[in-house]
Visitor: 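Structure below; questions to follow.
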Amino acid sequence: MSWAQHGQSETRWGLVQHRRSGDSTEGHVFPWFGLDIGGTLVKLVYFEPKDITAEEEEEEVENLKSIRKYLTSNVAYGSTGIRDVHLELKDLTLCGRKGNLHFIRFPTHDMPAFIQMGSEKHFSSLHTTLCATGGGAYKFEQDFLTMGDLELCKLDELDCLVKGVLYIDSVGFNGHSECYYFENPTDPERCQKLPFNLENPYPLLLVNIGSGVSILAAYSKDNYKRVTGTSLGGGTFFGLCCLLTGCSTFEEALEMASHGDSTKVDKLVRDIYGGDYERFGLPGWAVASSFGNMMSKEKRESVSKEDLARATLITITNNIGSIARMCALNENINRVVFVGNFLRINTISMRLLAYALDYWSKGQLKALFLEHEGYFGAVGALLGLLDSA
Amino acid sequence: PTAVCLRNIITLSGSLTKLAYYSTVQHKVARVRSFDHSGKDIDNEPLYEISVQEEITARLHFIKFENTYIETCLDFIKDHLVNTETKVIKATGGGAYKFKDLIEKKLGLKVDKEDVMTCLIKGCNFVLRNIPHEVFAYQKDSDTEFRFQTNHPNIFPYLLVNIGSGVSIVKVESEDKFEWIGGSSIGGGTFWGLGALLTKTKKFDELLQLASKGQHTNVDMLVKDVYGGAYQTLGLSGNLIASSFGKSTTADKEFSKEDMAKSLLHMISNDIGQLACLHAKLHNLDKIYFGGFFIRGHPVTMRTITYSINFFSKGEVQALFLRHEGYLGAIGAFLKGAEQDNPNQYSWGENYAGSSGLMSTSPDVYPMQRTRSGTFDMLEMDRLERPLVNLPLLKDPSTYIPDTVDLTDDAMARKYWLTCFEEALDGVAKRAAASQPDSVDAQERAEKFRQKYWNKLQTLRQQPFAYGTLTVRSLLDTREHCLNEFNFPDPYSKVKQKENGIALKCFQSVIESLDSLGWEERQFALVKGLLAGNVFDWGAKAVSDQWLERLKGPPHKCALIFADNSGIDIILGVFPFVRELLSRGTEVILACNSGPALNDVTYSESLIVTERIAAMDPVIHSALRDEKLLLVQTGSSSPCLDLSRLDQGLAVLVRERQTDLVVIEGMGRAIHTNYYAVLRCESLKLAVIKNSWLADRLGGKIFSVIFKYEVPCK
């Protein structure tokens with residue numbers, strides 16, 4: 001179940017060696033981790049140096065090596081840890097070192113097991129600093145200290161997020177663009193994903209959709225603020241889906257949603273007015289009342305779980321789009337970048353956000369997306385580690 | 001009212017039907033008419049003739065009832081449609097579609113559908129303009145849950161957030177200009193629909209009940225669940241919801257219906273509040289009214305919406321609610337249909353006797369409902385003869401509150417006054433019966449009046465907020481409305497007639513004795529006279545010094561005097577004072593009530609009295625002739641005085657004559673109301689406190705004198 005139990009190379013991780021692991025890393029001791037502990041998911045980025053000299057290899061302590069091997073030779077850790085191999089950034093130069101950046105996630109409720117593992121493997125002996133951001137950096141700080149003998153370096157969530165976004169966008173995605181948008185979002189036939197150049201990113205509205213949603217406005221590299229947030233986020237979609245459909249994973253919920261029809265669940269403008277509501281310029285297809293049809297007993301009995309999952313997804317997504325649009329108007333910003341793990345494998349929501357922003361702003365607002373969706377906080381934490389020396 | 005004639009009918013439906021109709025109501029009014037006294041011995045004749053006449057006034061009725069009564073309702077309409085030329089019935093809302101055929105078949109009328117939002121906004125403008133204390137803020141942890149707001153003279157612009165199955169956010173800029181600026185699909189229908197799925201509870205009210213018992217923290221992921229505590233750097237409290245339903249992300253755990261309903265309620269309320277604030281900010285608006293079935297009379301949702309607005313606006317915007325929110329659509333549809341009657345050019349007043357008040361559940365007896373015991377609710381608005389406006393001399397009309405003591409806020413005071421009115425009720429009913437000795441059913445009607453007012457008082461004990469802020473004024477006005485309802489238009493008419501006659505006989509000797517006094521003594525005596533000739537210890541000398549000093553200065557340009565009682569008060573108190581002012585070169589506007597209330601002098605009585613005095617007194621005579629003394633009506637029929645609702649003619653005159661002194665006399669006008677009113681010119685407030693409790697409250701003794709001479713700050 002947990003990381004520790006399924007750790008592949010458990011027996012090899014026992015040595016305690018109070019030794020620095022190489023001086024050629026410009027003062028940054030390997031391993032290089034960045035941790036973002038969210039409400040639902042922990043995001044971990046790991047930099048795997050590929051330029052290790054024979055000499056270094058010789059000097060590398062045993063448990064550091066085993067960590068590297070363990071992380072890089074597996075794609076799944078325990079039953080819940082997953083490495084997003086498709087996101088791996090290859091041949092990256094970071095602080096003078098060449099290597100690959102790995103992206104790993106696991107549920108926050110497995111955090112105690114993760115700390116336990118760190119403790120059993122004497123992670124603290126590596127004398128590295130573990131930089132962490134996200135609410136869990138505060139929540140689990142004491143556990144890291146008492147169980148793992150590890151002092152966390154807590155980093156500000158907004159700093160990390162913004163830093164991470166800018167950094168990953170600047171290095172690109174293995175030669176491709178990190179940032180993309182949907183062209184012709186209102187036309188399903190012609191809608192296509194296209195790269196977007198985010199070279200001059202400011203001003204920018206950054207909408208981070210995790211369990212909840214945080215909305216930041218960035219005006220320059222050092223000038224950004226949290227504008228608002230909403231509790232209707234990825235956690236709400238998943239939580240409601242669990243209650244409504246009995247599903248147990250986010251993937252399952254999304255899969256169901258992809259097969260459902262939300263118009264059976266939602267009351268549309270045309271259901272009320274027979275067509276468009278012209279007095280207010282509302283199109284007939286617009287949702288007038290999310291779950292509005294479910295007020296009727298007969299309709300409650302005729303919808304499928306898939307329909308309900310789809311309606312939940314549409315409701316949450318539209319609402320985020322609507323709040324983001326209002327924030328963009330209030331802040332006078334016309335580019336909105338959506339990030340966060342809610343968007344992982346969630347093309348429905350991304351296309352809907354692109355559509356909604358375009359439609360309701362009459363083409364004034366542009367929705368942008370980033371390939372590394374939920375990992376920017378963790379990347380920012382890793383950058384924080386390298387900055388800290 | 002003795003006869004009802006329907007002129008126009010509207011139905012509007014959700015699960016409730018609202019019926020609005022316009023009726024002309026025939027009721028009795030007391031009229032006074034001067035006799036022709038030429039060549040008669042006037043000493044033994046009454047001063048003037050009193051007659052009770054039938055008067056026809058216009059009234060708007062709004063009734064709300066469950067859809068199950070639609071047929072009863074239609075029968076009622078049919079029975080009363082005899083004398084009407086109406087061929088079309090206006091309808092709006094979902095029911096307009098649903099009941100179209102039924103209505104057309106039953107009544108033989110064509111159903112004309114009206115746009116929902118247009119109706120809603122028309123209705124909203126109407127109540128904001130015509131009903132004092134229409135607007136309230138909701139406070140959860142306070143004695144007074146409902147905090148009524150002063151009507152701002154300019155109601156625009158405002159944001160109306162209508163939470164029906166979805167949410168519509170409308171910016172209203174003027175009577176005819178409004179714009180849909182946004183909306184959300186997460187609304188009442190989401191609460192209801194999603195709530196029904198999650199809890200298997202079918203009814204909206206039951207869902208709200210579940211929600212009020214639940215603990216959302218079992219279902220929601222809070223900031224402290226993520227952070228272990230508060231998120232200090234962003235100033236987010238640990239108890240904030242980080243992710244709605246964030247704890248239900250598991251298939252293994254059961255969650256209670258109550259907890260899920262509560263979480264859902266918070267999720268939806270917060271979301272609506274947030275969007276409303278974002279829109280308010282974008283359009284730079286600070287007045288947000290909430291309505292729709294999600295809000296309608298539900299403390300639970302008013303509380304969560306208020307919380308949300310407060311949170312997202314950081315306290316800068318207040319969530320406001322409307323007492324007659326449920327009627328807005330019906331009122332608006334009605335107004336649209338009644339445009340030929342120009343309802344907007346009149347002022348209207350809420351009839352307390354015919355309205356059931358906020359959240360009333362008492363099944364009032366009404367013709368169509370007598371045989372059925374459904375819960376329903378109604379509102380009646382009387383069309384006033386003339387438009388009402390602010391007194392132009394009010395320093396700040398937007399903060400003016402007529403009433404001195406807010407009985408909604410003050411439980412002790414409320415208890416005292418409700419008991420007072422209860423104890424006085426038998427006497428009032430007796431006097432009413434006695435005022436119509438020739439009427440066979442006077443006793444019976446007096447008893448009905450007694451019952452009705454008694455029930456109102458009991459309702460107010462339970463729900464002090466039922467008609468807006470509870471005040472001595474509203475208690476008095478309600479009593480007057482109830483008396484009128486049972487055709488006791490003026491129980492004091494004969495008493496007033498007699499007292500006016502007696503006082504007139506003394507007028508000349510009083511004037512002579514006043515004229516014989518030295519200047520300073522006379523000024524004292526005049527003020528004493530204004531205090532209705534009550535015996536009192538003139539202990540307020542210090543206060544009056546300032547007034548005396550002022551009188552030594554240049555005369556006022558024009559004085560506006562609000563008169564109080566008939567008889568000695570007006571004739572021997574006010575008129576000598578008026579005479580003195582006129583002699584000083586000050587013009588005088590004498591304002592009396594348009595309709596009767598207690599023994600207060602009415603405008604028509606004042607005309608006769610003045611005519612008689614003018615015949616005796618050359619000063620008054622020439623002043624009348626030269627239009628230096630002007631008689632006007634207040635537009636009110638209340639024993640108290642609301643300076644924000646005065647006859648337009650009065651306001652015009654006050655402005656034209658550059659009024660620089662306002663004199664308000666009597667308990668009702670100067671103490672129960674306007675004690676704290678701030679004017680832009682000099683004012684005199686005079687009264688004798690004839691109530692020991694109130695005297696105590698104001699820090700004096702019974703029968704002590706209030707003499708407030710106020711000069712505006714420069």
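So you know, we letter chains A, B, ... as the sequences are listed, proteins then strands, and number each from 1.
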Visitor: So which of B:T190, B:I241, B:T250 has the biggest tally of heavy-atom pairs under 4.5 Å with chain A?
Guide: B:T190
Visitor: Given 3.5 Å as the limit, does a donor-acceptor pair link the side chain of B:S244 with the main chain of A:T236, or not?
Guide: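 No, the answer is negative, given that no donor and acceptor are paired below the 3.5 Å cut-off.
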Visitor: Report the option among A:L329, A:I323, A:T230 that has the most heavy-atom pairs separated by less than 4.5 Å from atoms of chain B.
Guide: A:I323
Visitor: How close do A:K139 and B:V226 get, counting heavy atoms only, and between which atoms?
Guide: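 Minimum heavy-atom separation between A:K139 and B:V226: CB-O, 3.4 Å.
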Visitor: Heavy-atom cut-off 4.5 Å, strictly under: side chain, backbone, both or neither for B:V170 against chain A?
Guide: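 Interface part for B:V170: side chain.
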Visitor: Under a 4.5 Å cut-off applied to non-hydrogen side-chain atoms, are B:L236 and A:R226 in contact?
Guide: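 Heavy-atom side-chain distance check passes, below 4.5 Å.
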Visitor: Heavy-atom pairs under 4.5 Å with chain B - which of A:S322, A:A137, A:C242, A:S248 has more of them than the others?
Guide: A:C242
Visitor: Taking side chain as everything from C-beta outward and backbone as N, CA, C, O, which of these in A:D266 sits under 4.5 Å from a heavy atom of chain B? Side chain, backbone, both or neither.
Guide: neither
Visitor: Name the region of B:F204, side chain, backbone, both or neither, that has any atom closer than 4.5 Å to a heavy atom of chain A.
Guide: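 Neither the backbone nor the side chain of B:F204 comes within 4.5 Å of chain A.
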Visitor: Decide yes or no for A:L232 and B:N270: does some side-chain heavy atom of the first lie under 4.5 Å from some side-chain heavy atom of the second?
Guide: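 Not in contact.
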Visitor: In terms of heavy-atom proximity below 4.5 Å to chain A, should B:F312 be classed as side chain, backbone, both, or neither?
Guide: side chain
Visitor: For A:C247, is it the side chain, the backbone, both or neither that has a heavy atom under 4.5 Å from a heavy atom of chain B?
Guide: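 For A:C247, the backbone is the part near chain B, not the side chain.
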Visitor: Do B:K202 and A:R300 come close enough that some side-chain heavy atom pair is under 4.5 Å?
Guide: yes
Visitor: Using non-hydrogen atoms and a 4.5 Å limit, figure out which bit of A:N330 sits close to chain B: side chain, backbone, both or neither.
Guide: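 Interface part for A:N330: both.
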Visitor: Among the options A:F237, A:Y277, A:W360, pick out the one with the most heavy-atom pairs lying under 4.5 Å from chain B.
Guide: A:Y277
Visitor: Check whether B:M117 gets within reach of chain A through its side chain, its backbone, both or neither, counting any heavy atom under 4.5 Å.
Guide: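 Interface part for B:M117: both.
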Visitor: Under 4.5 Å heavy-atom distance to chain B, tell me which part of A:E331 shows up: side chain, backbone, both or neither.
Guide: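 Contact with chain B involves the side chain of A:E331 alone.
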Visitor: Would you mind telling me which of A:S290, A:G239, A:G235, A:G136 has the largest number of heavy-atom pairs within less than 4.5 Å of chain B?
Guide: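 Greatest number of close heavy-atom pairs with chain B: A:S290.
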Visitor: Which atom names give the shortest non-hydrogen contact between A:Y138 and B:Y227, and what distance separates them?
Guide: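 That closest heavy-atom pairing would be CB-O, 3.3 Å.
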Visitor: For the residue pair A:S211 and B:S243, what are the closest heavy atoms and their distance?
Guide: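 What the structure gives for the nearest pair is O-OG, 2.9 Å.
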Visitor: Show your reasoning for whether side chain to side chain contact (heavy atoms under 4.5 Å, CB included) applies to B:L197 and A:L243.
Guide: CA-CA 9 Å; B:L197 287 167; A:L243 294 172; over 6 Å; no
Visitor: If you tally heavy-atom pairs under 4.5 Å against chain B, which of A:K267, A:E157, A:K299 wins?
Guide: A:E157
Visitor: Tell me which of these, A:V269, A:T312, A:N318, A:T228, has more heavy-atom pairs under 4.5 Å with chain B than the rest.
Guide: A:T228
